[in-house]
Protein chains: 2
Amino acid sequence: MSKITKLNLTRLKMESFGDYIRRLRVEKGLNQTELAAKIGLDSGGLSKVENGKKELKENKLLLLAKALKIDVADIKKQYLSEKFAEDCFKYKCPEAVFQLAEEKAKYYKSVNIKQSKLKF
Amino acid sequence: MSKITKLNLTRLKMESFGDYIRRLRVEKGLNQTELAAKIGLDSGGLSKVENGKKELKENKLLLLAKALKIDVADIKKQYLSEKFAEDCFKYKCPEAVFQLAEEKAKYYKSVNIKQSKLKF
DNA sequence: ATTTAACTTGGTAATTTTTGACAAATATAA
DNA sequence: TTATATTTGTCAAAAATTACCAAGTTAAAT
């Protein structure tokens, strides 16, 4: 990575998943209570989501996409990338993990993976 | 992706985390019972790991690296990449997630992330 | 075919983690 | 202030993970 890029990374705030949700919610003129209701959560729960204190499973993700009228693939990307990055950080894992993960994901998609084998 | 690459992906078996562990175990001339004992597992547990039926947390990962005399970073990479790929597949998430995840991971590393904020 | 060792699989109980709901505390705005 | 919005902590229920055990299968050898 170039020095410029590295500097930018250290200075520019990266939008977290919570920031992303909050931004879209505010753009839509909703408060936490209103949006939370649409996804079966109370305002406290949504607050925690927006502040990265977690909570949220896939069905909520889909409801959120619908409520905010955003692309499901996009919100999944935002959500999972955050989870992955946190895991990588937590485990102190080299970032090369992501390249390998992408290869594996493509491989899973290319073969018709047996659900039993992978238990999902 | 080129047709050649795609063909290769569909034909070549990609080594899973379980395959990786099994290969190293066999290379060292250990059976499941022996290796399992070194990481505080029974043979059934190790069998499940090798067959992708999961089990395994970080401390076992470190023990495994030690028992198999392999680089800790390497085993973490193998382990996490598999988890990430499975999640991506399960969520039907676009593979662009990995590029974003890598950016986020680099960002987390570049700022001195507050543990409280991210709760890890 | 029988024996033996290695491996796989399923069940289950114990533990840990995640979740949603509530309430209190804090902040923001009118 | 008063009202509204957000944050935070706690708690119990629900879900997921884990270790452990035992039964079942496979494979190799003789």
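This one's a predicted model, so the numbers in the text were calculated from it and none came from an experiment. Naming convention: chains lettered A, B, ... in sequence-line order (proteins, then strands); numbering from 1 in each chain.
- Applying the ring-ring contact (aromatic ring centres under 6.0 Å, His included) test to residues at least two apart or on different chains, the pairs with a partner in residues 22-79 of chain A are A:F17-A:Y79.
- The side chain to side chain contact (heavy atoms under 4.5 Å, CB included) check on B:A101 picks up A:S81, A:F84, A:F98, with sequence neighbours excluded.
- Classification of A:R22 and A:D19 as a salt-bridged pair fails, no side-chain N sitting under 4.0 Å from a carboxylate O.
- Between the C1' atom of D:dA19 and the CG atom of B:L46 lies a distance of 14 Å, rounded to the nearest Å.
- Contacts of residues 21-33 of chain B with DNA chain C (heavy atom under 4.0 Å): B:R22, B:R25, B:N31, B:Q32.
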Could you run down the sub-3.5 Å N/O contacts of the protein with nucleotides 24-26 of chain D?
none

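- Under the ring-ring contact (aromatic ring centres under 6.0 Å, His included) criterion, no residue pair touches residues 53-72 of chain B, with sequence neighbours excluded.
- Every pair tested for ring-ring contact (aromatic ring centres under 6.0 Å, His included) that includes a residue from residues 29-75 of chain B fails, sequence neighbours excluded, so the list is empty.
- Among pairs with a residue in residues 38-69 of chain A, none fulfils ring-ring contact (aromatic ring centres under 6.0 Å, His included), at least two apart in sequence or across chains.
- Residues that satisfy the side-chain hydrogen bond (donor to acceptor under 3.5 Å, both in side chains) test with A:E58, not counting sequence neighbours, are absent from this structure.
- Listed by chain and residue number, nothing satisfies the salt bridge (charged side-chain N to carboxylate O under 4.0 Å, His left out) test with A:K48 (two or more places apart in sequence, or in another chain).
- For the pair A:S47 and D:dT6, the criterion of a side-chain N or O lying under 4.0 Å from OP1 or OP2 is not met.
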With a 3.5 Å cut-off and sequence neighbours excluded, list the donor-acceptor pairs that the side chains of residues 71-78 of chain B form with protein atoms.
unit_1, atom_1, unit_2, atom_2, d
B:D74, OD2, B:Y20, OH, 3.3
B:K76, NZ, A:Y91, O, 2.8

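- The distance from atom NZ of B:K53 to atom P of D:dT17 is 16 Å, rounded to the nearest whole Å.
- D:dT8 atom C1' lies 14 Å from atom CD of A:E50, rounded to whole Å.
- If you measure from atom CD of B:E86 to atom C1' of D:dT17, you get 15 Å, rounded to the nearest angstrom.
- The 12-atom threshold is not exceeded at CD of A:Q99, counting heavy atoms of other residues, nucleotides or ligands nearer than 6.0 Å.
- We find that CG of A:N51 is positioned 13 Å from C1' of D:dA5, with the value rounded to whole Å.
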Which letters describe nucleotides 20-30 of chain C, given B = protein heavy atom under 4.0 Å from base, S = only from sugar-phosphate, - = neither?
BBB--------
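- The salt bridge (charged side-chain N to carboxylate O under 4.0 Å, His left out) pairs that include a residue from residues 23-35 of chain A are A:E15-A:R23, A:R23-A:E27, A:R25-A:E50, where partners are two or more places apart or lie in different chains.
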